[in-house]
Amino acid sequence: MDQKTSNKISFTDRVYAVVKHIQKGQTRTYKEVAEQAGSPRAYRAVGSILSKNFDPHIPCHRVIKGNGAIGNYNRGGKKAKERILKQEGAL
DNA sequence: TGGTTGACCAACT
DNA sequence: AAGTTGGCCAACC
């Protein structure tokens with residue numbers, strides 16, 4: 001891809017893009033997101049980034065932990081996150 | 001420029 | 001089974 005016409009995107013923007021790509025009823029682990037974002041070992045950064053992200057256009061609630069746990073959520077905690085996933089049919 | 005932080009993970013106790 | 005420690009990576013001050 002030519003970045004000549006595009007601005008330089010940061011890891012954060014790539015993470016946002018990946019999370020946006022998650023379909024309804026689907027869940028992705030932080031590891032997967034990090035891997036698709038270009039750094040399979042940056043799951044730690046992914047969490048930090050999503051924690052700072054308050055954009056409702058990004059279904060950050062579809063991102064869960066690698067062992068199947070819900071993980072955290074900036075929009076009401078794990079409880080709300082689990083509720084949303086259940087509502088979407090992911091659980 | 002360097003050190004701290006964090007929605008994680010794996011291993012150890 | 002549950003709590004602690006170390007490790008990894010990008011963003012923020």
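A note on names: the letters A, B, ... follow the listed sequences, proteins ahead of strands, and every chain is numbered from 1. Below, each value reflects all heavy atoms present in this structure, side chains not excepted, and no hydrogens, waters or symmetry copies. Note that the structure is a prediction, hence the values are computed from the model and not measured.
Side-chain atoms of Q36(A) and H21(A), non-hydrogen and from C-beta on, never get closer than 4.5 Å to each other. At least one side-chain heavy atom of Y30(A) sits less than 4.5 Å from a side-chain heavy atom of V63(A). Residues Y16(A) and D55(A) have side chains not in contact (no heavy-atom distance under 4.5 Å, counting atoms from C-beta outward). Counting heavy atoms from C-beta outward, Y73(A) and K78(A) have side chains that stay 4.5 Å or more apart.
In the region residues 45-69 of chain A, proximity to DNA chain C at under 4.0 angstrom, judged on heavy atoms, holds for A45(A), K52(A). At a non-hydrogen distance threshold of 4.0 Å, S39(A), R41(A), A42(A) from residues 18-42 of chain A come into contact with DNA chain C.
Under the Watson-Crick or G-U wobble criterion, with both distances below 3.5 Å, dA10(C) is paired with dT5(B).
Atom CG of N72(A) and atom C1' of dT5(B) are 15 Å apart (whole Å). Rounded to a whole Å, the CD1 atom of I9(A) is 16 Å from the C1' atom of dA11(C).
Heavy-atom neighbours of Q23(A) CD from other residues, nucleotides or ligands within 6.0 Å: at or below the threshold of 12.
Exactly one of V18(A), I64(A), I22(A) qualifies for a side chain to side chain contact (heavy atoms under 4.5 Å, CB included) with R28(A). That residue is I22(A).
For the atom pair H61(A) NE2 and N74(A) CG, the distance stands at 11.0 Å (nearest 0.5 Å).
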>> Determine whether I70(A) and L85(A) satisfy the following criterion, side chain to side chain contact (heavy atoms under 4.5 Å, CB included), listing intermediate values before the conclusion.
In response: CA-CA 9 Å; I70(A) 292 300; L85(A) 290 174; 4.0 Å; yes

